[in-house]
Amino acid sequence: MAHVRFYYDVPEPLALAHELVARAYRAGQEVAVRLEDEAALATFAQRLWTHQAGDFLPNVPASSPLAEHTPIVLLPAAAPLPPRPVLIQLARSYPEADQATDWILEVVSAQESDKAPARERFRRYRAEGHDVQAIPRKTPTP
């Protein structure tokens, strides 16, 4: 079973997701980032490439031929999940993670349109026996 962490009431979900990706990458983990759609994927990919000078986080779409050799892959919710130990979840639908996923990090904004589906995912993770914890994030990380 995976360890699931729900970061909720996040004022800037992409900023927190960026921080989580950077931490996992620096720890030598391969990461999949699941976003709602292609537009969100493009926005987040741009952020990973341009956030800060010298803050290089190598990433490609999961559909790229380079995905197998790139530590960070980005995918829309409709795409199948690649086997990665860390999944950062920004999509509203439940991710069908496999046994290769050790950590699922859910990033949920303060918007009700994000909270309602997150509550459903939370209940489903619990029902499936995952180790689930909720972490409030009402302020941006330093």
Side-chain angles (χ1 to χ4, degrees), residues 1-111 113-137 139-142:
M1 292 290 123
H3 303 282
V4 181
R5 300 298 175 262
F6 266 85
Y7 296 92
Y8 67 93
D9 284 339
V10 177
E12 297 178 44
L14 293 182
L16 178 57
H18 183 270
E19 177 187 329
L20 295 171
V21 167
R23 284 183 191 176
Y25 174 70
R26 288 188 201 108
Q29 296 292 317
E30 290 186 324
V31 182
V33 182
R34 187 169 182 262
L35 298 125
E36 190 63 33
D37 53 32
E38 292 288 342
L41 188 149
T43 300
F44 191 65
Q46 183 71 16
R47 180 184 186 96
L48 291 180
W49 285 107
T50 62
H51 182 65
Q52 291 179 3
D55 188 21
F56 177 67
L57 296 171
N59 69 89
V60 296
S63 59
S64 168
L66 299 174
E68 183 179 328
H69 306 290
T70 306
I72 302 164
V73 296
L74 310 178
L75 62 145
L81 284 174
R84 299 285 169 128
V86 178
L87 169 62
I88 297 175
Q89 160 76 358
L90 290 127
R92 290 186 181 109
S93 60
Y94 186 83
E96 297 297 336
D98 64 14
Q99 293 182 1
T101 305
D102 298 322
W103 289 92
I104 300 171
L105 307 176
E106 290 265 357
V107 179
V108 182
S109 79
Q111 296 178 4
S113 61
D114 290 333
K115 286 179 166 183
R119 289 181 189 110
E120 290 299 317
R121 292 192 309 276
F122 188 94
R123 285 190 279 273
R124 184 166 171 186
Y125 288 125
R126 277 250 165 100
E128 291 178 357
H130 295 285
D131 168 31
V132 183
Q133 291 183 13
I135 303 164
R137 292 299 288 260
T139 57
T141 55

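Each residue takes its place number in the sequence, starting with 1.
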Shortest non-hydrogen contact from Thr70 toward Pro58: CG2-O, 3.6 Å

For the student: nearest non-hydrogen atoms of Val132 and Arg126, plus distance: O-NH2, 3.4 Å

Atom pair CG/CD1 of Asp131 and Ile104 - distance to nearest 0.5 Å: 11.0 Å

Flag, side chain of Arg34 to backbone of Leu75, donor-acceptor distance under 3.5 Å: no

Residues Arg124 and Glu96 bridged, charged N to O under 4.0 Å: yes

Any donor-acceptor N/O pair, Gln89 side chain to Ala91 backbone, under 3.5 Å: yes

Donor-acceptor side-chain pairing of Glu19 and Tyr7 below 3.5 angstrom: no

Over all atoms of both residues, closest heavy-atom pair of Pro71 and Arg84: O-NH1, 2.9 Å

Aromatic ring proximity Phe6/Tyr125, centre distance under 6.0 Å: yes

Side-chain donor/acceptor of Thr101 to backbone N/O of Pro85, under 3.5 Å: no

Backbone of Glu36 reached by a side-chain donor or acceptor of Arg92 within 3.5 Å: no

Shortest non-hydrogen separation from Ile72 to Leu57 and the atoms involved: CD1-CB, 3.9 Å

His130 (side chain) donor-acceptor with Ala2 (main chain) under 3.5 angstrom: yes

